Number of protein chains: 2
Amino acid sequence: MSGTTAWGEYAHDSLRRGGARSGGARDAVIRHLAAQDCCITAQELFDALRAEGNRVGIASVYRTLDQLAERGLVHRVDLGGGTTRFEPALPGGEHHHHLVCDACGRVDQFDDDALERALSRVAAAEGYELAKHDVVLHGACESCRRVE
Amino acid sequence: MSGTTAWGEYAHDSLRRGGARSGGARDAVIRHLAAQDCCITAQELFDALRAEGNRVGIASVYRTLDQLAERGLVHRVDLGGGTTRFEPALPGGEHHHHLVCDACGRVDQFDDDALERALSRVAAAEGYELAKHDVVLHGACESCRRVE
DNA sequence: TTGTTTGCAAACCTTTTGCACGTTA
DNA sequence: TAACGTGCAAAAGGTTTGCAAACAA
């Protein structure tokens, strides 16, 4: 939790250093994102802010998410299904990937050194300079496997 | 090429065995998909068929792609950017992943055993029964790196 | 004939943009 | 005050659905 609060301040400072002013909608988005422990939809973010009485427009949510993504402060995560998700990104390139249960919708996170090494090796072999990589595993989670 | 033609017949037979009738739009989609060597957009498929004088509707293109995807005959590929791509899937689970150059839009394919092993291991460790996995690498391809 | 497939148009959903107004520095 | 941020509404993709007509078995 303290880690995510730190992210909020970090994001806030980073934007300010970039010459951006403060604004109600943006602050609310950053605050809510900072309290998130997994990736979230723009619509979910919007609904949550509205539910707590905040009069944000969904355009401002998207605009803030764009700014954050441009500066590498959030990662866009695409789990399939046509809606982009967003999650806070720590500086230093630390990251994780996602496991999605197609039966119940549950989402888990993981990271794996051997996986990262394999990806770096492949990129190098193909002559690519790697900027980012997305890995999404789909399947049935432990609970859903038992039911079938 | 003969491999992709084989896919066309395989897909056609598979649908017929599934109780589906033959139809102009569906046959055209399968034929065009069979001649494809990389993933393609529904819109691109539609445009190509129209360009050769075929009066298909884009709805039929999507419906056919859905049917094929349901039976595992095509894979949906999401390279980011909001448009789903589709590519023929061979039986037996053989597959590849994609490298995208964010500068020029070039798309390369690759497969890697160590990568596959890492993914299987992760899924097992998390208790998931793996159904599919998507891996997309983004970066700058060899040509674009030189320009920068 | 009977049920499936098709094309068109309209609906839908997510995301982006235009614009007048409010707010920050 | 000058520039930026915001909310609303409209627009812009991409994809899905309703429906009557065409078609395959």
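These numbers were taken from a predicted model, which means no experiment stands behind them. Numbered from 1 within each chain, the chains take letters A, B, ... in sequence-line order.
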Can you tell me the distance, in whole Å, between the [atom1] atom of [X] and the [atom2] atom of [N]?
X	N	atom1	atom2	answer
Asp27(B)	dA25(D)	CG	C1'	14 Å
Asp47(A)	dT15(C)	CG	P	13 Å
Glu44(A)	dC13(C)	CD	C1'	14 Å
Phe46(A)	dT6(D)	CZ	C1'	13 Å
Gln67(A)	dT17(C)	CD	C1'	15 Å
Arg55(A)	dT23(C)	CZ	P	13 Å
Arg85(A)	dC13(C)	CZ	P	17 Å
Glu70(B)	dT16(D)	CD	C1'	14 Å

Practice task
Find which nucleotide of DNA chain D each of Phe86(B) and Asn54(A) is nearest to by heavy atoms, and output the residue with the more 5' nucleotide.
Solution key: Asn54(A)
Completion exercise
Comparing Ile58(B) with Ser22(B), nearest DNA chain D nucleotide closer to 5' gives the residue Ile58(B)
Practice task
Quick one: sort the His95(B) and His133(B) rings into parallel, tilted or perpendicular, breaks at 30° and 60°.
Solution key: perpendicular
Handout entry: dT16(D) OP1/OP2 closer than 4.0 Å to side-chain N/O of Tyr62(B)
Key = no
Problem - Presence of Ser60(A) side-chain N/O under 4.0 Å of dG7(D) phosphate oxygens OP1/OP2 - result: yes
Among [options], which is the nearest nucleotide to the side chain of [X]?
X	options	answer
Arg26(A)	dT6(C), dT6(D), dC8(D)	dT6(D)
Asp66(A)	dG14(D), dA9(C), dT16(C)	dT16(C)
Ala25(A)	dT5(C), dC8(D), dT6(D)	dT6(D)
Ala59(B)	dA9(C), dT15(D), dG5(D)	dA9(C)

Exercise for the section: Answer yes or no: side-chain N or O of Arg21(B) and base N or O of dG3(C) forming a donor-acceptor pair under 3.5 Å. Expected result: yes
With a 4.0 Å cut-off on heavy atoms, is [X] in touch with a base, just the backbone sugar-phosphate, or nothing at all?
X	answer
Thr84(A)	sugar-phosphate
Arg63(B)	base
Arg16(A)	nothing

Practice task
Please determine which of Arg71(A), Arg26(A), Arg76(A) meets the salt bridge (Lys or Arg N to Asp or Glu O under 4.0 Å) test together with Asp66(A).
Solution key: Arg76(A)
Problem - Polar side chain donor-acceptor pair, His12(B) to Asp27(B), under 3.5 angstrom - result: yes
Handout entry: Check: Glu52(B)/His32(B) side-chain N/O donor and acceptor closer than 3.5 Å
Key = no
Practice task
Under the salt bridge (charged side-chain N to carboxylate O under 4.0 Å, His left out) rule, collect the residues that match up with Arg85(A), sequence neighbours excluded.
Solution key: Glu44(A)
